[in-house]
Every structure is written in C-alpha cells, then in structure tokens.
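By convention in this document, chain letters (A, B, ...) are assigned in the order of the sequence lines, proteins followed by strands, and residues within each chain are numbered from 1.
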Amino acid sequence: MILPVYTLWRRELTRFFRQPSRIAGAVATPLLFWLLMGSGLSGSFRLPGGPASLNYFGFFFPGTIVLVLLFAAIFSNISVIEDRHEGFLQGVLVAPVSRSALVMGKVLGGATLAWLQGVVFLVLAPVSGIHLNLASALEAAGVLALLAVTLTALGFFFAWKLDSVQGFHAIMNVVLLPMWLLSGAFFPLNGAPLWLSLLMRANPLTYGVSVLREVLYGPAATVGSSLPGIGTSLAITVVLGLVCVAAGLVATRGGRVD
Amino acid sequence: MPSETVAVEAKGLRYSYPGHRRNRKTGPSRPALAGLDFDVPAGSIFGFLGPNGGGKTTLFRILATLARPESGTVRVFGADLGSQARDVRRSLGVVFQSPSLDVQLTVRENLVHQGHLYNLSGRELDGRIAAGLERFGLAERRDQRTKELSGGLRRRVEIAKALLHEPRLLLLDEPSTGLDPGARRDLRTTLESLRAAGVTVLLTTHFMEEGDRCDHLVLLDRGTIVAEGAPGDLKEEIGGDVVTLTGPDPEALARDLAARFPGPAPEVREGAVRIERERAHELVARLAEAFPGRIDSVTVARPTLEDVFLHRTGHAFEDREEEAPG
C-alpha cells in the first residue's frame, strides 16, 4: 500500500517540475487577478465593520490563495481523464494496487503541489499589510494543507466521474469557480443581498476561507461577519475535506471500469 | 485441462455495452461478446484475429481486469478473474495499444514506478530494470524522456515495463499497430523468446501476417468465434488454392464456369471471380482454353486467413457495415 501511494505521489511532483508552463500558469493567473482587482477596487472598497486599514489588496489576499489552490487542484486532475483511458493510469489500473491507494497517491500528489504554490504566495503577505509571525505562518500553512487536500480530492472526484475533458471544463465553470466566487473570497458576506448571503452560507468553502482569513489577520478581520467562530468553521472545513476524500474513494469503486 | 497447462480458461463470456450507448441507426445493440468459450494453452502464442468491431478490444479489457463480463467466467492460471482479481493481476503483464508510459518521465523512471506498483524496490528492482534495459537494447536510452523516443522504441519500453514483474501471461492489444516493418520483426522475436522462456503470450490483431505467426488462433467476428485452430490447419480447410479471375463480364464468366467446371461454386466479389480448387495450376490452362478473350488476369494463391474468414462468415474481413464500440 505505501510503496504504490508513494510512487504515485512522486510522479505528480516529477511531472510538475518538468513542465515550466505549469509552474508559471498556476500562480500567474491568481497573481494577476489580485494585482488588478486590488489596484482597481482598493479606492472604493471598505469592509463593513472591518478595520479601516484593510484595503482590497488585503481583503482579497486569502481569497487569492484559495484560488491558487483551486487552480492547482484543477490542473492536477484534468489530466486524469486522458491518463486513465490512454495513458499511464491504465497501467496502474491493471496492477495489483487497490483503488484507494490510487486515490491517495493522486490526491496527496496534487495537494502537495497546490499547497506548495499556496505557501509560495504567502510571501506576498507583507505587501498586503499582513504581518505574519512564525506561529501564524505555521497555522496558515496548516489551513492551506487542509484546503489543498479538500479541493484536490473534489477535483479528482469530478475528473473520475466524467468521461471527457469538456465535461470537466463545464464542471469547473458551473461548480468549482462559482463555489470560489461565493465563498467570501471575492466579496464579503455582509452587505450581500439576502439570497446571495444564503448561498454563501450554504457553501462549505465559505468556512474554509473564513478560517484562513482569521489566521492571517487575526479576529479583527472577521469582526461583524456573522459567520460562526473559528472553531466551528474549522470543524466544517474538516468535515468537507473528509467528504471530498470519501467521494473520491467511492467514485473509484464499482465493477465496470469502462 | 488442469490449470498448469491452461493459462486462460473462458466459459460463456458475454458482454454488452450499456443500453444508452446503443447505435440508433442499427437499433438495439447486439452484444460485443456473445458467449465465448476458449482455452489458451500455457506457453503458447495465442492470437485473436478479427476486424475492428469484432469484439477483440472488449475481450482484451475483460482479460486485463478493466471490464467485468456480463456473464460467464474467466480463470487465469486457475484464479477467478472476478473474485481473485488481485491474484490475476500479479500474474498478468499488459501492453496497451495506446501508450501507458508517462512521456514526461525517463525510461528508467517509468520502470521504477512500475516496479513500485508491483511492490518491487531497492536492489532487486534496480537489478530487474538493468536486465530489462539490456535485454531490449534500451540501456543507452535509460535517462532519456520517453517523449523523445520513436514509436518502435516506445513499444519496447512498454514491453520491458509489462515484463518487469515477470508475469506468466503477457497480454498485448494490437501490438503491431503503428510499428514499421523492422520494429514488427523485433516484436516477433521478442514474443518468440518469451514463449521459449515459458511465458504465455495472448494478443489481439487485425493483421493477417501477425495472425499467421501465432501457434493458435481464434477468428472473432461480431462477438462470436467463427474459427479456431492452428493457422495452418485453418487454411487446410479451404482445400487447395484460391484462383481469382478478372475479365470484362465477371457475372457471366462465373455462371459459365460453374456449368463447365463442377466443384465448389465460384463467387463474384468486387468485380473478380473467385474459386477454390485443388491443383489450381492445371485448371488455369484449361480456363484459358475454355474462355478465350473473356479473362484479363488469373491469380493463383495459397489460401490466406482472409480466405478462411470469408469462407466461414460469408463476408470479407473489412467490409463491415456497422461498427460496434470496442
């Protein structure tokens, strides 16, 4: 069990570092978003009930990191579809390796890459007015690891269920990106119209973003956000992570592997 | 037969594609495999020859443990494919038609991953990889990424990879497809040396030449076995040679020919008259005398597997009006 998981994890890393475009692509888009949105909206943005010092660069920073994780999760899974029907994964499927080892190897590999990219992005924290100390940096890295596993497992689940890359693109546009948009990453829950705020509360990712925000900025950033405290939010995020991993495990079971 | 002499034993193997994938033009889907029975003797090169859509790929996927038959059983060296899949997978080496190498990785890295999947590691794995690279003339390519290799070399890496864990049964799906003649010869030699080492080789193909070189052959058409045996024996049944005549009016020629030369009826196919006869060289001279000016060309040939296929199914190997998935 351990050797196959290790080897699949290792393969993800090797592949990633051999494709320079992937390294650039994963961080470049969120970085661009952050720079453009931050520059454009900082003048007019004001977090309701939040500290006056928090501009849009600062507000958007946790959301941008989550977007980095999401993009990384999408990129590492989009190849699963082809890889499984006419690539390396064919060989894994006929090897005496359990499907759960396959899921663990793929998800841990993808999540490690997502996490590394998210952590690299943390370097920009001071520019956003965030002062990280060792403790808060470690906490942030921990939250990022949790979210990286969650999003990668979710991406894997969809990739496995779908037979085409086009189908995966559709899921990305209809499920994954809206989930991010409505997680409080892009605009705050407070001040949103009722219907939108209900959607945001129903979105489990909202709580993960909230935890990350609080870890980076301290409680001040979530003052008046009317979301549950960090403990509850963290618990919801852990449950979401477990559900996503379980979904990946269940998806790969079943007899017909057409 | 006891399991030591039978590598694969299939009984009543049936498979249909799910209903929603049925071809609307042709109505309800017929099964991709309509109840196959066959035994693969251990230590032989065993081939499944058939046109595309005949059911070969479906059969390959079932034997490779990638699809489950709707009904019927398969035993691989005595182990049941359904309930003992893990044991079956250990004894199985699989070479896919589409590449299963990671093109971003080097030849050696691909083999290392493969070894890990089969729980091989350390010195033992290193030793096997070195031996495999040596055997297939890949030692110098060891640290090259597989995307830089030619098709023939890649196929060699695929085979080296499939053999790394020393399987008793090697499955190959259309192994000659996409290979140049030189690479095909190499493949041939490799398969023969594997047989000599006691490995059972099972392959699918739609090339007659490849079928000809199998010890035992099953002809598959529309999910059923239409003929089975050693290629030489199968061709024996045609009884003699195949004479093909062309001329300005093949229909009339066939009619008159049937009247004047008793024996198996001539057939007209794609504008040529085709007859099966023993001692055909004697017939040729008499034909030329009997039908002056009505024959443009005469070809006498030993029967091929294509003739066997035609003989058994009544239709040519590639004239398929419908294509089944797989």
Looking at A/Gly105, A/Ser98, A/Ala101, A/Gly87, which has the largest count of heavy-atom pairs under 4.5 Å with chain B?
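Looking at each option in turn, the highest pair count goes to A/Gly87.
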So which of B/Gly82, B/Ser98, B/Ser121 has the largest heavy-atom pair count under 4.5 angstrom toward chain A?
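Top count of heavy-atom pairs under 4.5 Å with chain A: B/Ser98.
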Relative to chain A, which of B/Leu101, B/Leu105, B/Asn110 shows the most heavy atom pairs under 4.5 Å?
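Among the listed options, the one with the most contacts to chain A is B/Leu105.
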With a 6.0 Å cut-off (strictly less than), is the heavy-atom count around [atom1] of [X], excluding the residue itself, greater than 12?
X	atom1	result
B/Arg135	CZ	yes
A/Leu36	CG	yes
B/Phe38	CZ	yes
B/Gln144	CD	yes
B/Arg141	CZ	no

Using side chain to side chain contact (heavy atoms under 4.5 Å, CB included) as the criterion, point out the one residue from A/Thr7, A/Val94, A/Leu102 that pairs with B/Leu117.
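Passing option: A/Thr7.
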Considering only heavy atoms from C-beta outward, does the side chain of B/Phe96 approach that of A/Glu86 to under 4.5 Å?
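With C-beta onward as the side chain, the pair stays apart.
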Going by side chain to side chain donor-acceptor pair (under 3.5 Å), name the pairs with one or both residues in residues 72-84 of chain B, residues two or more places apart or in two chains.
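Side chain to side chain donor-acceptor pair (under 3.5 Å) check on residues 72-84 of chain B returns B/Asp80-B/Ser83.
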Interchain contact, B/Leu92 with chain A, by part (heavy-atom threshold 4.5 Å):
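For B/Leu92, there is no contact with chain A at all, as no heavy atom is under 4.5 Å.
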To the nearest 0.5 Å, what is the distance between [atom1] on [X] and [atom2] on [Y]?
X	Y	atom1	atom2	value
B/Thr65	A/Leu93	OG1	CG	8.0 Å
B/Gln104	A/Phe17	CD	CZ	13.5 Å
B/His116	A/Arg11	NE2	CZ	14.5 Å
B/Tyr118	A/Leu3	OH	CG	13.5 Å

What are the two closest heavy atoms between B/Arg89 and A/Val97, and how far apart are they?
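Reported closest heavy-atom pair: NH1-O, 4.5 Å.
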B/Ser100 and A/Gly91: which non-hydrogen atoms are nearest, and at how many Å?
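Looking at all heavy atoms of both residues, the closest pair is CB-N, 4.4 Å.
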Sequence-distant partners of A/Arg18, side-chain hydrogen bond (donor to acceptor under 3.5 Å, both in side chains), two or more places apart:
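B/Glu109.
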